[in-house]
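Below: the structure, in C-alpha cells.
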Amino acid sequence: MNLADHFNLLSGRTLASAALVLACMSASASAADIVVQQWGYVNPPTTPPPGANFLTIQSAINSSSAGDRILVRSNVNGDIVTTYPESIVFPALNIEVLAQPTHGSEIVIDATLAGGSVVTINSPANTRSSVLEGFTVTGGVGAVDPFRVPAAAPPIVGGGIYCLNSTPTIRNCRIVRNKARQGGGLYVHMVLSNPLSSPLSGPLIVDCQFVNNFASAASGGGYLPSGGGLHAVNCSIEIESTTFSFNRSDDSGGGASWEPHATPSDPPLAFVNSTIEDCDFHDNLALAHGGAISAVVNSNLSVSRTLINSNRASDSAQTGGGGGGIYWEGSSLTIESCDISSNFAGAKGGGVLIESDGGDMGTPSLLKHTTINRNSTGSDLTAPHVGGGVSAVLGSGLSAIETVFDNCLIVSNESDSAGGVDLDGSAASFSNCTISQNKARGTFVAGGVRHDDGASAINTVKFTNCILDQNLGGLASSPVNAWEVDFFSLGTQAQKTITFTIMQKGASGTGLPAFMASASNLTANPRFVLGSVTPYSSNQRFYLSHSPQQVANSPAYDAGSFSVGPTSTVYGRTCRTLVSLPGYSFDTGIVDIGFHYAETVLSGMP
C-alpha cells in the first residue's frame with residue numbers, strides 16, 4: 001500500500017479525529033473562571049464586590065459553559081465562616097465548582113431555607129470532570145427520586161448531595177447534618193448505563209467527611225439499606241481517604257449502604273464493584289444491620305487499609321441487628337489490611353456479618369491481613385447471640401459459599417456463643433490466623449470458632465498454620481465447654497481439616513478429626529509477647545517469643561507448612577520482634593505459625 005492509499009483509507013478517521021481535537025481546543029479556549037463572592041456586611045450592596053462576577057453560586061452556574069470553573073470565595077468582611085444560603089443544581093455539562101476560602105476559614109452551602117437537596121447533579125453528561133470541591137454541605141432534606149418504586153410514593157433521597165445517572169468527582173467536602181429517607185448525606189442512583197463513562201460507574205469521592213447525617217429508613221418493610229451517610233443504588237463508587245462518623249440510619253447502613261435494582265429500568269442482574277480505600281468509619285449507628293456499611297444482592301465491595309471502629313447495629317432493646325461493622329448479604333466482599341474493632345451488634349456478627357440465602361448470588365468472601373478485635377454482640381441466653389467477631393450464615397438455597405480468613409488476627413471478641421467466629425452452614429478456611437482470648441458468655445461451647453456444617457458434606461472447614469489459644473467457652477462452672485473450636489453437625493458431616501496448628505485446649509464436637517493424629521499439630525502454649533512497635537496498640541500482644549530476644553522460642557517458630565517467598569501471603573511480614581526499634585525481624589525460611597504483622601503499624605492497623 002502506497003502513501004496515497006494509506007491516506008485514503010484513514011482519511012475519514014483522521015478528519016473526524018481532527019474535528020474532535022478542534023472542538024476540544026475551542027471548548028478549552030472558551031473556558032473561563034467565574035468568581036462568586038459575598039460582601040459579608042449588614043445591608044450589603046446588591047452588586048458583587050470588585051473582582052467578583054456573582055453574589056450566588058447558582059447564578060454563576062447558570063451563566064457557565066463547559067469547562068468553566070466557578071470559584072467561590074470567602075466574603076469580603078473576612079468572616080471565619082462564609083455561608084451561601086442556597087441549593088445548587090449542576091448543568092448538563094462538565095464544570096468545576098470550587099471553594100476558595102481564605103486561610104483558616106470555611107465556605108458553607110446551607111439549604112436550610114432553600115429546601116431540597118443541597119447539591120443536585122443529575123445528568124449523564126456530568127462525568128468525573130464535573131467537580132465539587134472544598135465546601136461544607138449542610139441543611140439538606142432531600143428530593144424525590146422519580147425512578148424509585150413505588151412510583152406513587154417514592155422516597156425522599158439525597159439530603160446533602162443527590163446524583164442521578166451522573167458520575168462526578170466530590171473532593172475535600174464536609175457533608176454534615178443532612179437528612180433524607182435514603183442517603184442522608186449522599187444518594188446515587190444509576191438508572192441506565194452512563195453513555196459517557198463505564199457502565200454502572202458512579203462518583204469518585206476523595207478526602208471527604210460525612211458527619212452527623214441521618215436516613216430515616218426506606219419504605220417497604222424488612223431490612224433495607226438506607227445509608228445515613230451515603231446510599232448507592234445500582235452503581236459502583238470509589239471512595240478514598242474519607243471519614244464517615246456519627247451518621248445514623250433507622251434501617252441498615254449507618255455509614256454507607258448499597259442496594260441493587262430500585263426500578264424495572266435498572267439493568268438486570270448487573271453487578272456493581274465499589275472500592276473503599278484508606279478510609280475511617282467510626283461511631284455510626286444502624287437500627288437494623290451494618291453499623292458502618294451495609295449491602296445486599298449484586299454489590300461487590302473491596303475495603304482496604306480502612307479503620308472500622310466503634311460502630312453499632314442494634315435496636316434499642318439490643319436484641320436485633322447484625323454486623324456492627326459490616327453487613328454483607330449474598331455478594332462478594334473483600335476486606336484487606338483493615339482494623340475492625342470495638343463494634344457492636346444486637347444479635348450476631350459484632351464485627352462482620354456475612355449472609356446468603358436462596359435468592360442471592362453468593363460468592364466467597366475474603367478477609368486478609370485484617371485485625372478483628374474487641375467486637376461484641378448483645379446477650380440473650382434463651383436464644384443465644386453468636387459471632388462476636390464474625391458471623392457467616394448460609395441460607396438453605398446455597399451451599400459451599402466459603403469465607404476465607406487469610407492472615408487475620410481475631411482476638412478479644414465476645415458473644416453468647418462463638419466469641420470469635422460463628423460459621424452457620426458455611427464453608428470456611430483459616431490460614432496463618434491467630435484466634436485468641438475470645439469469649440462465649442453462657443454455657444455454650446466455642447469461645448474461639450463454632451462451625452455448624454448444616455448437615456452438608458460440602459461445607460468444609462480447614463485450619464492451616466493457625467494459633468487458637470485462651471478462648472473461653474462456657475461458664476467457669478462448665479469447663480468442659482471451654483474449647484478453642486466446636487464442630488456441630490446433624491446428619492451428614494462435612495470434612496474438617498486441621499494441620500500445622502496450635503490449639504492449647506483442643507477442639508470438640510461431632511465429626512471431630514483425629515486432631516493429634518497429625519504430628520504437625522500441637523496442644524501447647526504459643527508464648528505470646530508484646531510487640532515493640534510505637535505507638536502502642538492492643539493489637540500488638542500476639543508476637544511470638546523467640547531467642548535471643550526472649551527467654552525461649554515459641555513452638556510456633558518455624559513450625560508452618562511452607563517456606564516464605566516473594567509469592568507468599570506473609571512475605572515481608574513478621575510474628576517476631578527485636579529489642580531495638582523499629583522492632584521487626586521478618587519471617588524467613590519455614591513460615592511461623594500464626595498471624596503476621598505488616599512492616600509498619602500505624603493508627604492501630606495491622
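By convention here, the first residue in the shown sequence is residue 1.
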Under 3.5 Å, is there a donor-acceptor pair between the N172 and D207 side chains?
no

Quick one: list whatever passes side-chain hydrogen bond (donor to acceptor under 3.5 Å, both in side chains) with E133, sequence neighbours left out.
R171

I want to check something: taking the side chain as every heavy atom from C-beta on, are D110 and Y84 in contact at a cut-off of under 4.5 Å?
no

Taking N373 for the side chain and I340 for the main chain, is one N or O donor matched with an acceptor at less than 3.5 Å?
no

N178 side chain to V176 main-chain N or O, any donor-acceptor pair under 3.5 Å?
yes

Residues at least two apart in sequence or cross-chain that pass side-chain hydrogen bond (donor to acceptor under 3.5 Å, both in side chains) with N284, listed by chain then number, are N247, N311

After noting the C-alpha distance and the side-chain angles of V72 and F135, does the key distance pass the side-chain contact (heavy atoms from CB on, under 4.5 Å) rule?
CA-CA 9 Å; V72 184; F135 294 93; 3.7 Å; yes

If we ignore angles and hydrogens, is there a donor and acceptor under 3.5 Å between the side chains of Y162 and N122?
no

Residue pair W328 / S365, side-chain donor-acceptor N/O under 3.5 Å
no

With N94 via side-chain hydrogen bond (donor to acceptor under 3.5 Å, both in side chains) - residues at least two apart
T127, S130

Measure the spacing between CG of D33 and OG of S64 and express it to the nearest 0.5 Å.
12.0 Å

Step-by-step salt bridge (charged side-chain N to carboxylate O under 4.0 Å, His left out) determination, R305 to E336:
CA-CA 7 Å; R305 301 180 304 278; E336 183 168 356; over 6 Å; no

So does N273 get a backbone contact from the side chain of S236, meaning a donor-acceptor N/O pair under 3.5 Å?
yes

In terms of relative ring orientation, are F281 and F244 parallel, tilted or perpendicular, with 30° and 60° separating the classes?
parallel

How about N309 and D339: does a side-chain donor come under 3.5 Å of a side-chain acceptor?
yes

Run the ring-ring contact (aromatic ring centres under 6.0 Å, His included) check on F246 and H282 step by step: do they pass?
CA-CA 7 Å; F246 299 99; H282 69 85; 5.7 Å; yes

